[in-house]
*Asks:* 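A single structure is presented below for examination.
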Amino acid sequence: MAKEVEVEVIHSWSTPRSLSTSLMYSFAQRDDIEVIDEPLYSNFLRVTGFERPYRDELLSKMDPDGNKVVKEVIFGRGTKKYRFCKHIAKQWVSGLPRDLMTKGKHFILIRSPLDILPSFNKVVPPSFEELGLGYLISIYNELCELGNPPPIIDAAELHEDPEATLRCLCEDLDIPFQSSMLKWEAGPKPIDGIWAPWWYKSVHKSTCFEPAKKYPVPFTFAYYDLLEQCLPLYNSLRRHVKKSLCLLKSPLPRPDLPVPANEKLLAWVGDELLPRESAKVSVFDSVVQGGDSVWEGLRVYSGKVFKLEEHLDRMFDSAKALAFKNVPTREEVKEAIFKTLIRNGMFDNAHIRLSLTRGKKVTSGMSPEFNLYGCTLIVLAEWKPPVYDNSSGITLVTATTRRNSPNNLDSKIHHNNLLNNILAKIEGNNANAADAIMLDKDGYVSETNATNIFLVKRGQVLTPHADYCLPGITRATIMELVVKENLVLEERRISLSEFHTADEVWTTGTMGELTPVVKIDGRDIGDGKVGPVTRRLQNAYKNLTEESGVPIPTYHKS
């Protein structure tokens with residue numbers, strides 16, 4: 001008879017119908033592991049009173065004392081080096097010993113509710129409690145708080161590449177992989193729980209992790225409300241799946257953010273604040289269907305939103321020009337902006353992308369007559385310093401893509417349909433330039449793909465008419481400062497060669513403020529350095545941002 005020894009316990013936590021039994025059969029093939037099928041099931045039925053066709057038999061044959069089971073069954077001595085315990089998350093009920101979480105190795109197996117729900121009703125009707133995804137989230141959080149975040153694997157990966165998934169899991173559990181884990185014999189097993197005849201019929205036909213069917217079964221829409229409750233919880237756990245395991249996702253690595261602090265932020269969508277990964281609009285929203293939306297960029301300085309009223313004026317004008325209906329009030333928009341900034345603690349060096357879409361449609365299509373839900377308001381605030389090099393200056397190239405004519409789409413409407421600008425930006429990117437100059441239909445300079453543009457020639461400041469370009473808020477502010485600085489300002493048609501031969505050039509925009517341009521199309525501007533008029537206006541603009549703006553409620557300068 002084999003000598004009993006201390007064993008190391010491996011806890012598998014999952015929802016029902018998640019390949020957990022197949023995974024138990026897989027681990028049972030190892031020569032160094034004994035497995036136990038849901039040792040806490042009887043305790044779960046005793047505590048919750050849940051009904052099962054086998055309830056009486058289970059309570060009579062399986063110890064219902066959770067404390068005793070944890071101590072003597074789960075952590076009792078054994079004859080193998082490891083013990084694999086298959087747990088269903090909802091069986092983690094109150095009153096169980098803390099040892100259950102603090103001892104042993106843990107991992108979590110997840111599966112999409114879209115795949116679970118169609119097969120769940122074979123024994124008991126599905127419910128939020130029966131699925132237990134809330135418990136699975138709690139278990140994950142508990143283990144993280146204990147400093148032992150568990151690896152998470154998705155059942156889809158076991159279908160797609162069983163060996164790679166099991167190898168990675170074994171590596172995470174610090175146990176050697178054994179190829180025997182990839183096969184087992186069909187039919188019932190001695191390790192099966194009493195409930196096997198009700199739940200395990202399909203898995204008894206299997207001998208391995210088989211590829212998933214190419215096309216799923218139709219979804220039972222009687223469970224639609226339950227799916228809406230459960231899917232966000234599944235997706236929350238799915239974000240913690242190791243990228244090396246996540247075979248069904250894009251192979252692209254997780255990108256670094258320009259400002260790492262923006263990884264965790266709250267954005268306003270519709271009428272609520274949501275975490276970054278949950279901040280989404282409906283696929284029926286007009287901004288998705290046709291770029292049918294207007295927007296503004298605002299910047300926050302020292303507890304104040306700069307030029308807030310001017311930006312709101314332009315946004316409401318744009319919405320009116322596009323015949324938006326059921327538009328939120330000015331005060332509602334301001335409250336959403338302030339709440340977003342306050343919740344994020346963003347009172348300086350922050351940028352707001354404010355969008356107002358025509359709203360959600362009752363069915364997909366172009367007609368605004370389908371927009372019966374009212375507008376969708378989006379307030380995206382980020383930590384964001386000026387996006388250009390405002391000290392040494394930037395390089396521009398001229399794009400072949402022309403700026404929209406008012407004959408086609410009036411640039412005075414600050415709309416979200418930016419493909420014209422994006423095509424020009426692509427040309428700038430391909431030339432390794434910061435941005436691209438866009439010409440109007442007659443070949444005169446209009447603006448860049450993202451900013452307005454100015455030049456200085458013999459002490460005189462010039463900027464193009466706002467016929468084909470957006471009459472920017474920052475542009476208007478700089479024009480006022482030019483006059484205050486006793487400089488000559490002229491607004492007229494300007495040819496490209498005039499920019500090539502200018503003494504100084506700069507661009508203006510909320511995101512970049514006032515940005516010097518030191519080279520255009522390979523030609524140095526002036527002596528290729530930032531000029532004195534540019535510096536003078538940069539300082540004047542900086543002083544203005546420090547002095548003016550709409551205060552954010554609750555902000556107190558420390």
Side-chain angles (χ1 to χ4, degrees), residues 221 224 228 267-274 278-298 307-340 351-381 401-425 438 440-441 446-447 449-450 466-473 509-511:
F221 279 86
Y224 187 84
E228 279 196 312
W268 186 280
V269 181
D271 60 358
E272 61 181 334
L273 278 167
L274 297 166
S278 302
K280 298 176 174 65
V281 296
S282 169
V283 293
F284 285 95
D285 198 285
S286 284
V287 72
V288 178
Q289 298 264 325
D292 189 4
S293 174
V294 297
W295 70 282
E296 292 294 322
L298 304 98
K307 297 289 181 178
L308 174 59
E309 302 297 349
E310 291 87 341
H311 281 286
L312 292 182
D313 286 342
R314 187 171 65 184
M315 186 182 79
F316 285 113
D317 283 348
S318 295
K320 188 172 185 179
L322 291 175
F324 281 14
K325 294 181 179 179
N326 300 309
V327 176
T329 67
R330 193 181 191 93
E331 284 306 308
E332 287 172 334
V333 174
K334 289 169 79 169
E335 284 300 305
I337 291 170
F338 292 145
K339 287 177 181 177
T340 302
H351 178 270
I352 303 164
R353 175 84 175 207
L354 178 68
S355 299
L356 185 69
T357 84
R358 195 182 296 272
K360 194 167 64 171
K361 293 177 176 288
V362 293
T363 185
S364 62
M366 185 184 299
S367 176
E369 291 182 357
F370 298 148
N371 292 84
L372 301 178
Y373 293 95
C375 294
T376 303
L377 179 66
I378 302 168
V379 185
L380 173 58
T401 304
R402 297 297 175 100
R403 195 67 179 94
N404 290 325
S405 163
N407 287 327
N408 306 111
L409 184 58
D410 193 343
S411 295
K412 292 178 181 62
I413 302 173
H414 203 198
H415 54 82
N416 280 63
N417 199 319
L418 301 175
L419 286 178
N420 179 247
N421 306 67
I422 291 169
L423 288 170
K425 179 63 175 175
M438 300 182 73
D440 65 23
K441 68 179 181 62
S446 175
E447 60 180 348
N449 56 272
D467 293 336
Y468 295 83
C469 70
L470 177 74
I473 305 296
T510 303
M511 284 256 279

*Asks:* Among all residues two or more places apart in sequence or in another chain, which pass the ring-ring contact (aromatic ring centres under 6.0 Å, His included) test with His415?
*Replies:*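 Listed in chain order: nothing, the list is empty.
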*Asks:* Closer than 3.5 angstrom, by distance alone: can the side chain of Ser411 be matched with the main-chain N or O of Leu470 as a donor-acceptor pair?
*Replies:*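 A pair under 3.5 Å: no.
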*Asks:* In plain terms, say whether Lys280 and Asp285 are close enough for a salt bridge, that is, a side-chain N and a carboxylate O under 4.0 Å apart.
*Replies:*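 No salt bridge links Lys280 with Asp285.
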*Asks:* Would you say Arg358's side chain and Ala323's backbone share a donor-acceptor pair under 3.5 angstrom?
*Replies:*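 Present.
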*Asks:* Just wondering, do Arg330 and Asp313 contact through their side chains at under 4.5 Å, heavy atoms?
*Replies:*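 Yes. Closest side-chain heavy atoms under 4.5 Å.
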*Asks:* When you look at NZ of Lys320, are more than 12 heavy atoms from neighbouring residues, nucleotides or ligands closer to it than 6.0 Å?
*Replies:*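 Counting other residues, nucleotides and ligands, NZ of Lys320 stays at 12 neighbours or fewer.
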*Asks:* For Asp292, does its backbone N or O pair with a side-chain atom of Asn417 as donor and acceptor, under 3.5 Å?
*Replies:*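 Side chain of Asn417 to backbone of Asp292: no pair is present.
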*Asks:* Do Ile337 and Leu354 have side chains that approach each other closer than 4.5 Å (heavy atoms only, starting at C-beta)?
*Replies:*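 Yes. Closest side-chain heavy atoms under 4.5 Å.
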*Asks:* Is there a side-chain contact between Leu377 and Glu332 in this structure, where contact means two heavy atoms from C-beta onward sitting under 4.5 Å apart?
*Replies:*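 Not in contact.
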*Asks:* Side chains of Lys325 and Asn371, heavy atoms from C-beta outward: is any pair under 4.5 Å?
*Replies:*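 In short, these two side chains do not touch, never coming nearer than 4.5 Å.
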*Asks:* Around atom CD of Glu228, are there more than 12 heavy atoms of other residues, nucleotides or ligands at under 6.0 Å?
*Replies:*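 Atom CD in Glu228 is packed in, count exceeds 12.
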*Asks:* Is a salt bridge present between Glu309 and Lys334, judged by a nitrogen-to-oxygen distance below 4.0 Å?
*Replies:*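 Lys334 and Glu309: salt-bridged.
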*Asks:* Is any side-chain heavy atom of His311 closer than 4.5 Å to one of Thr510?
*Replies:*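 Counting from C-beta outward, Thr510 and His311 do come under 4.5 Å.
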*Asks:* Please, which pairs that meet ring pair (Phe, Tyr, Trp, His ring centres under 6.0 Å) have at least one residue in residues 318-340, sequence neighbours excluded?
*Replies:*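 Residue pairs passing ring pair (Phe, Tyr, Trp, His ring centres under 6.0 Å), neighbours aside: none found.
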*Asks:* Do Thr401 and Met438 make a side-chain contact, defined as non-hydrogen atoms from C-beta onward lying under 4.5 Å apart?
*Replies:*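 Yes, their side chains come closer than 4.5 Å.
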*Asks:* Under a 4.5 Å cut-off applied to non-hydrogen side-chain atoms, are Asn416 and Ser355 in contact?
*Replies:*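 Counting from C-beta outward, Asn416 and Ser355 do come under 4.5 Å.
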*Asks:* Tell me every residue that passes side-chain contact (heavy atoms from CB on, under 4.5 Å) with Thr340, counting only those two or more places apart in sequence or in another chain.
*Replies:*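 If we apply the side-chain contact (heavy atoms from CB on, under 4.5 Å) test to Thr340, skipping adjacent residues, the hits are Trp268, Leu273, Asn344, Val379, Ala381.
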*Asks:* Quick check: does any side chain N or O of Thr376 sit under 3.5 Å from a backbone N or O of Thr357, one acting as donor and the other as acceptor?
*Replies:*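 No, the answer is negative, given that no donor and acceptor are paired below the 3.5 Å cut-off.
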